[in-house]
Number of protein chains: 2
Amino acid sequence: MTNYLNVTNGTMPKTFSPPPGQDWSVLSRTCPSRTSLARIANKWTAMVITVLADGPQRFGDLRTALDGISGKVLTETLRDLERDGMLIRTAYAEIPPRVEYELTPLGRTLIEPLAVLVRWAEQHIPEVLAARDAYDDR
Amino acid sequence: MTNYLNVTNGTMPKTFSPPPGQDWSVLSRTCPSRTSLARIANKWTAMVITVLADGPQRFGDLRTALDGISGKVLTETLRDLERDGMLIRTAYAEIPPRVEYELTPLGRTLIEPLAVLVRWAEQHIPEVLAARDAYDDR
DNA sequence: GGTAATTGGTCACTAATCGTAAGTATTGGA
DNA sequence: TCCAATACTTACGATTAGTGACCAATTACC
């Protein structure tokens, strides 16, 4: 198996460039990729991006589609994704306000990887539930 | 684009079986798959599973490999993954104690999906950092 | 004219989760 | 005797998630 993670690399320079001959690794505490991993490996991120895969959506649409998310958390999630270049926020100067969110090309590269996780969660419910019951019974 | 998420499905019965003719959806607040998604779409889960992809590892090995994780958080992450059937914990009755963690077949099905996320984070550092700088500058 | 509805938020607050630093148990070895 | 080693616990503080109230500005309705 390919060693994507450079498991043997324990140190990291203070400046933000990879060590010579090595790539960044999320396993290094100070690597910027760890922040990115934390952002994309996140349930709300996965849900937002998968919903936005169908095209631009308004704030209220997202809030309805994501059944149970609070306005505050949705706002924060969207702002973080916008900041990291994964979506664009477009506010129209209308009353009542209208704001649309749309994936960028960078954001679209996450659709399929995150859809895989979503499908995994949906398809392995019986196995996970069974394992959980077995664990709790002992 | 395939509608993996049954976006139109807003309701969910109290009993835990899918509505007739429909599959579970992580978008439904009460769907068990949402709990699973929260577990697997998680930075520590992604890192633990990707490290365990190389074979069984001891607690201390994982802690070293995951540079920066605390013992408590590693313990909790491992216990949750064990409970959901993704890894097996084997404790040897020795002094000092030795405990090994190994992926189950179910856990191994997550290696590749999570490795994709890890690679995404590592490969898109420049784009993300640039987007972040641009956002913060306006 | 007065009042409610609409939309995309913000604010203050509480609850839950994450993370840190220290401690525990056991035994072999200096 | 005291320390090292290992895999946790526990107590605590910090960060994050979630809730409910409120807001601005216009249109629709009575």
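Letters A, B, ... are given to chains in the order of the sequence lines, protein chains preceding strands, and every chain is numbered from 1.
Scanning both residues, Asp67(A) and Leu27(B), for their nearest heavy atoms gives CB-O, 2.9 Å. What you find for Leu129(A) and Pro32(B) is that their closest heavy atoms are CD1-CB, 4.2 Å. The minimum heavy-atom distance between Leu114(B) and Ala46(B), with the atom names listed, is CD1-CA, 3.9 Å. The shortest non-hydrogen separation linking Val128(B) to Ser36(A) is CG1-OG, 3.7 Å.
Axis angle, first five pairs versus last five pairs of the helix from dG1(C)-dC30(D) to dA30(C)-dT1(D): 30°, rounded to 10°.
Under the side-chain hydrogen bond (donor to acceptor under 3.5 Å, both in side chains) rule, Tyr101(A) has a single partner from Gln57(A), Arg89(A), Arg58(A), which is Arg89(A). Tested against Val48(B), the residues Thr50(B), Leu52(B), Val51(B) include a single side chain to side chain contact (heavy atoms under 4.5 Å, CB included) partner, Leu52(B).
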Take nucleotides 14-23 of chain C nucleotide by nucleotide from the 5' end and write B, S or -, depending on whether a protein heavy atom sits under 4.0 Å from the base, only from the sugar-phosphate, or from neither.
----BBB---
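Within the structure, every side-chain polar atom (N or O) of Arg58(A) is placed at least 4.0 Å from both OP1 and OP2 of dT6(C). One finds no side-chain N or O of Arg63(A) lying less than 4.0 angstrom from the OP1 or OP2 phosphate oxygen of dG8(C).
Contact check on Arg138(A) versus Glu82(B) returns a salt bridge, with a Lys/Arg side-chain nitrogen under 4.0 Å from an Asp/Glu carboxylate oxygen.
Residues from residues 85-101 of chain B that place a heavy atom under 4.0 Å from any atom of DNA chain D, listed by number: Arg89(B), Pro96(B), Pro97(B), Arg98(B), Val99(B), Tyr101(B).
A 4.0 Å heavy-atom criterion places the boundary nucleotides of DNA chain D facing chain B at dA5(D) to dA11(D), written 5' to 3'.
Val116(A) and Val116(B) are not part of a single hydrophobic cluster, where members link through side-chain heavy atoms under 4.5 Å apart. Hydrophobic clustering (ILVMFWY, side-chain heavy atoms < 4.5 Å, transitive): Val99(B) and Met86(B) are in one cluster.
The closest donor-acceptor contact from the side chain of Arg108(A) to the backbone of Leu103(A) lies under 3.5 Å.
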Sequence neighbours excluded and cut-off under 3.5 Å, please list the side-chain donor-acceptor pairs for residues 69-76 of chain A, or say none.
from: Ser70(A); atom 1: OG; to: Val73(A); atom 2: N; distance (Å): 3.2
from: Thr75(A); atom 1: OG1; to: Gly71(A); atom 2: O; distance (Å): 2.8

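With sequence neighbours excluded, no residue satisfies ring-ring contact (aromatic ring centres under 6.0 Å, His included) with Trp44(A).
Interatomic distance, Ile88(B) CD1 to Leu81(B) CG, rounded to the nearest 0.5 Å: 12.5 Å.
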